[in-house]
Peer 1: 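Sending over a structure as structure tokens; questions will come in a sec.
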Amino acid sequence: MSVKGKIVYPNGKQPKYINGAFGGVNGRGEFVANFFYELGVTPEEFEVDDNLIESFVNADCSPTKTVEFSMFMSLDTAKSIVAWMQANINAAESNEK
């Protein structure tokens, strides 16, 4: 069976880069996925001593995970997304060879 449809992108839609996710299953049995971008340590200030050695001051040593978006989905939707991603991963790996 073939189905045709339309894809609509809302005004102001912004692509998001993510490099991680966390989540699980909520109390209603839905899958929850929080996608984040993890930013490494970024020093706030630097200083240069008399020997011209640079060092960082007030550097927060803990990484920051900024949740860019969250998704809630059914088990069937989660399985469909996994299958779609795996098919695209397989195709990308085949193209690398």
Side-chain angles (χ1 to χ4, degrees):
M1 180 171 99
S2 177
V3 177
K4 290 186 179 183
K6 187 175 187 177
I7 297 174
V8 177
Y9 294 98
N11 290 337
K13 177 190 161 297
Q14 297 290 324
K16 302 288 184 184
Y17 175 80
I18 56 123
N19 56 14
F22 65 92
V25 179
N26 67 15
R28 297 189 328 188
E30 299 166 318
F31 281 78
V32 179
N34 299 291
F35 294 88
F36 64 85
Y37 173 72
E38 184 171 346
L39 184 61
V41 177
T42 304
E44 296 174 9
E45 300 174 1
F46 71 94
E47 65 185 17
V48 179
D49 66 16
D50 293 337
N51 296 320
L52 301 178
I53 304 294
E54 182 179 46
S55 60
F56 296 113
V57 179
N58 298 329
D60 179 4
C61 294
S62 59
T64 301
K65 290 178 168 69
T66 302
V67 175
E68 294 289 345
F69 60 94
S70 299
M71 295 189 318
F72 298 81
M73 67 194 94
S74 69
L75 174 61
D76 287 339
T77 299
K79 287 179 178 181
S80 176
I81 290 170
V82 167
W84 170 78
M85 289 185 74
Q86 190 61 58
N88 281 278
I89 289 168
N90 293 343
E93 289 177 341
S94 292
N95 290 335
E96 289 179 353
K97 296 177 183 176

Peer 1: Got a sec, which pairs hit side-chain hydrogen bond (donor to acceptor under 3.5 Å, both in side chains) with one end in residues 11-21, sequence neighbours left out?
Peer 2: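 Non-adjacent pairs meeting side-chain hydrogen bond (donor to acceptor under 3.5 Å, both in side chains): zero.
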Peer 1: Determine, step by step, whether F31 and V25 satisfy the side-chain contact (heavy atoms from CB on, under 4.5 Å) criterion, reporting the C-alpha distance in whole Å, the side-chain angles of both residues, the deciding distance to 0.1 Å, and the verdict.
Peer 2: CA-CA 5 Å; F31 281 78; V25 179; 4.0 Å; yes
Peer 1: Can you name the residues that form a salt bridge (charged side-chain N to carboxylate O under 4.0 Å, His left out) with K79, not counting sequence neighbours?
Peer 2: none
Peer 1: At what distance, to the nearest 0.5 angstrom, does CG of L75 lie from CD of E30?
Peer 2: 11.5 Å
Peer 1: If the condition is side chain to side chain contact (heavy atoms under 4.5 Å, CB included), which residues does D49 pass it with, not counting sequence neighbours?
Peer 2: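 D49: side chain to side chain contact (heavy atoms under 4.5 Å, CB included) contacts with N51, I53.
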Peer 1: Enter the distance from M71:CE to T77:OG1 here, rounded to the nearest 0.5 Å.
Peer 2: 9.5 Å
Peer 1: Residues in side chain to side chain contact (heavy atoms under 4.5 Å, CB included) with S80, at least two apart?
Peer 2: none
Peer 1: How would you list, by chain and number, every residue that makes a side chain to side chain contact (heavy atoms under 4.5 Å, CB included) with A21, sequence neighbours excluded?
Peer 2: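 Side chain to side chain contact (heavy atoms under 4.5 Å, CB included) list for A21, sorted by chain: F35.
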Peer 1: Kindly work out whether a path of hydrophobic side-chain contacts (I/L/V/M/F/W/Y, heavy atoms less than 4.5 Å apart) joins M85 to I18.
Peer 2: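 The answer is yes; both residues are in one hydrophobic cluster.
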Peer 1: Answer yes if F69 and L39 sit in the same cluster of Ile, Leu, Val, Met, Phe, Trp and Tyr residues linked by side chain heavy atoms under 4.5 Å apart, and no otherwise.
Peer 2: no
Peer 1: What are the two closest heavy atoms between M73 and A33, and how far apart are they?
Peer 2: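 Heavy-atom minimum between the residues: CE-CB, 4.4 Å.
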Peer 1: Could you pull out all residues at least two apart from F22 that satisfy side chain to side chain contact (heavy atoms under 4.5 Å, CB included)?
Peer 2: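 If we apply the side chain to side chain contact (heavy atoms under 4.5 Å, CB included) test to F22, skipping adjacent residues, the hits are N34, F36, V67.
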